[in-house]
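Computed from a prediction, not measured in an experiment: that's the story for all the values here. For the numbers below, each heavy atom of this structure counts, side chains included, while hydrogens, waters and symmetry mates do not.
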Amino acid sequence: MTPQEERDIYIETLIDTMFLSRFKDEDSTEPSRLELIITPDCNLACKYCYINKFGKQLYAEEPQYDKIIANTRAIIEWCIEEKFLGKNYSIDIFSGSIFSQQVGWDVVNTILEIYSQCDPIYRPKVISIPTNYSFILDDEVVEEVEDLLQRFKDIGIHVFLSGSIDGKYMEQNRPFKKGQKLGCGIGEHLYLPIEAEPRDDEYYEKAFAFVKKHRFGFHPMIYSSSIEMWKKNFVWFQEMMMKYNLPYHSLYLLEVRNWEWAEDQLLELYDFIKFMHHWVFNNIFKGNKDLYAKSLAGDGVNSINFLGYTLQNKWNKGIGCSIQSTLMIRLGDLHIVPCHRTSYRGLEFGEIKLKDGKVCGIKGLNTELATANYSFDHRMFPYCSSCAINGLCKYTCLGSNLEVLGDMFTPVPTVCRLEHVIVAAQVEAMLELDVFYNAASRAGHRVKDVLIYFKENLLSEVKNSLAYEGDSQ
């Protein structure tokens, strides 16, 4: 047996153990996903986006349209032929902007076509698509999207559009690319030239109406640039959500775990997190301490995501993201990659092999990295293993680590600092609202012990290091 044959057998066994056997198992309760990565193309040039900075290294070769569509067909047919049970996995379709490129529409329609012809038992219940909602700017495109959603619904698949909108006061971080056009490419009427910032109040009214109609949500990115505007932006989000009768917990805040966070920005973030707690406690929970404590601990009451799960850190994997529960495939070349942010040449775990358009095996590539990624525990990283908050933080981003330090498994110091500030702000807010011990007692012994240790030994240190003088009231 050659070394390559050994690699092939190994990667096929590993992928089967981690994912394929779960997809097929009638009794499986492990949440698993299949992510299909289309292209990096997007009509926005977000300041914090890794694609803008490293896209040429992540996608060394220009994806070929015909190959992407053929590979999509091969993967979905493989899912059905292998009898992956729809109840056991969901599909994520990832790209820069699905609905502003022809290939995005054609990938989604190919998936719809194939699943509409198979036994319903093999159809995933949910397909998730992140979108920047730029399609809202054209009413005819909105009609096309809604028609697509309905056609999936007709065959029992719920398509969930996760709204990547940062809000009215944050669009300076997400400008449109110069010279780009809006639209999806399925008709000339769908192209709109960009002459000025088009995301005005009318645009946001349409976006929130669309989200309400289809029961979707938003996942804004909290970035270091313009962080001082986030108090105003957060209140605007909440007022718009109340106006459209959207649940308060449909806002999912995500901090950008890039290296750029400076001390003055961390101070603004600290004050913003405390402000959020006070605002939600007073305006949504109406000062009910017991109900708020239950919400923070995830004890039968929906919680708003305050940049993390300080009291709900119940990861059953070694990392807070989905790397260890998602099989990620780049459709342009059928490479199995760690994730969309770490899909650099040489880091691919394997390549799905085709024969006559059908999946016939997996070629092993960087099987050592595959073993490391699927088996590591973030709490055993350098620095993390002895860190006092390793049971509270969401951990670092492997892609960010790689970009800054050249090593996936070493955390970026400024990101560690960011996570300490997030935890400190939340603990301080809970103490100010007199819900700390009530919430901590509901969080489980391990989290409770770490929280109390942090309060008694580290909170003052983090606050003093920020020279905190803000007012969260």
CD/Glu12 to OG1/Thr367 distance, rounded to the nearest 0.5 angstrom?
12.5 Å

Keeping Lys83 on the side-chain end and Ile80 on the backbone end, is there a donor-acceptor pair under 3.5 Å?
no

Could you list all the ring pair (Phe, Tyr, Trp, His ring centres under 6.0 Å) pairs where at least one residue sits in residues 319-369, not counting sequence neighbours?
Phe94-His340, Phe349-Tyr374

One should read off an interatomic distance between Met229 CE and Asn173 CG, to the nearest 0.5 angstrom, of 10.5 Å

Could you check whether atom NZ of Lys87 has more than 12 heavy atoms from other residues, nucleotides or ligands sitting under 6.0 Å from it?
yes

When you check the side-chain N and O atoms of Ser295 and His249, is any donor under 3.5 Å from an acceptor?
no

Salt bridge check: are Arg199 and Glu205 linked by an N-O gap of less than 4.0 Å?
no

Once you measure the plane-to-plane angle for Phe272 and Phe234, does it fall in the parallel (<30°), tilted (30-60°) or perpendicular (>60°) bin?
perpendicular

Ignoring hydrogens and geometry, is there a side-chain-to-backbone donor-acceptor pair from Glu419 to Val415 under 3.5 Å?
no

For Arg123, give me all partners under salt bridge (Lys or Arg N to Asp or Glu O under 4.0 Å), at least two apart in sequence or on another chain.
none

Does Lys67 pair with Asp333 as a salt bridge, N-O distance under 4.0 Å?
no

Given the side-chain rings of Tyr89 and Phe19, with only the six-membered ring counted for Trp, is the space between their centroids under 6.0 Å?
no

Exceeds 12 heavy-atom contacts within 6.0 angstrom, atom NZ of Lys24:
yes

Kindly assign one of parallel, tilted or perpendicular to the pair Phe409 and Phe381, based on the angle between their ring planes and the thresholds 30° and 60°.
perpendicular

Output for pair (Lys232 NZ, Ser226 OG), nearest 0.5 Å, gives 12.0 Å

For Leu365, does its backbone N or O pair with a side-chain atom of Arg7 as donor and acceptor, under 3.5 Å?
yes

With rounding to the nearest 0.5 angstrom, report the CG to CG distance, Asn373 to Leu14.
10.0 Å

Would you say the ring centroid of Tyr252 lies under 6.0 angstrom from that of Phe218?
no

Kindly say whether Met221 contributes a backbone atom to a donor-acceptor pair with the side chain of Asp166 at under 3.5 angstrom?
yes

For atom NZ of Lys53, is the number of surrounding heavy atoms from other residues, nucleotides or ligands below 6.0 Å larger than 12?
yes

With distance as the sole criterion, is a donor-acceptor pair present between the side chains of Asp16 and Ser21 under 3.5 Å?
no

A quick test of your reading: do over 12 heavy atoms of other residues, nucleotides or ligands sit less than 6.0 Å from CH2 of Trp236?
yes

One should read off an interatomic distance between Asn52 CG and Lys47 NZ, to the nearest 0.5 angstrom, of 12.0 Å

Donor + acceptor pair across side chains of Thr72, Thr110 (<3.5 Å):
no

Pairing donors with acceptors under 3.5 angstrom, does anything connect the side chains of Asn43 and Ser134?
yes

CG (Leu398) and CG (Asn401) are apart, to the nearest 0.5 Å, by 6.0 Å

Once you measure the plane-to-plane angle for Trp78 and Phe84, does it fall in the parallel (<30°), tilted (30-60°) or perpendicular (>60°) bin?
perpendicular

Within the distance-only criterion (no hydrogens, no angle test), does the side chain of Gln4 pair as donor or acceptor with the backbone N or O of Gly364 below 3.5 angstrom?
yes

When you measure from the side chain of Ser116 to the backbone N and O of Glu113, does any donor-acceptor pair fall under 3.5 Å?
yes

Can you confirm whether the side chains of Arg151 and Asn109 place a donor and an acceptor under 3.5 Å from each other?
yes

Taking atom types as modelled and ignoring hydrogens, do the side chains of Ser225 and Tyr48 form a donor-acceptor contact shorter than 3.5 angstrom?
no

Among residues two or more places apart or on two chains, list those pairs meeting ring pair (Phe, Tyr, Trp, His ring centres under 6.0 Å) that have a residue in residues 106-146.
Phe99-Phe135, Tyr133-Phe135, Tyr133-Phe210, Phe135-Phe210

Short side-chain donor-acceptor distance under 3.5 Å, Ser343 and Glu348:
no

Any side-chain donor-acceptor pair under 3.5 Å between Tyr65 and Asp106?
yes

Are Lys206 and Glu202 ion-paired here, with the side-chain N under 4.0 Å from a carboxylate O?
yes

Hey, which of Ile127, Ile91, Leu112, Leu149 is the one that makes side-chain contact (heavy atoms from CB on, under 4.5 Å) with Ile157?
Ile127

Taking 4.0 angstrom as the limit, do Arg33 and Asp92 come out as a salt bridge?
yes

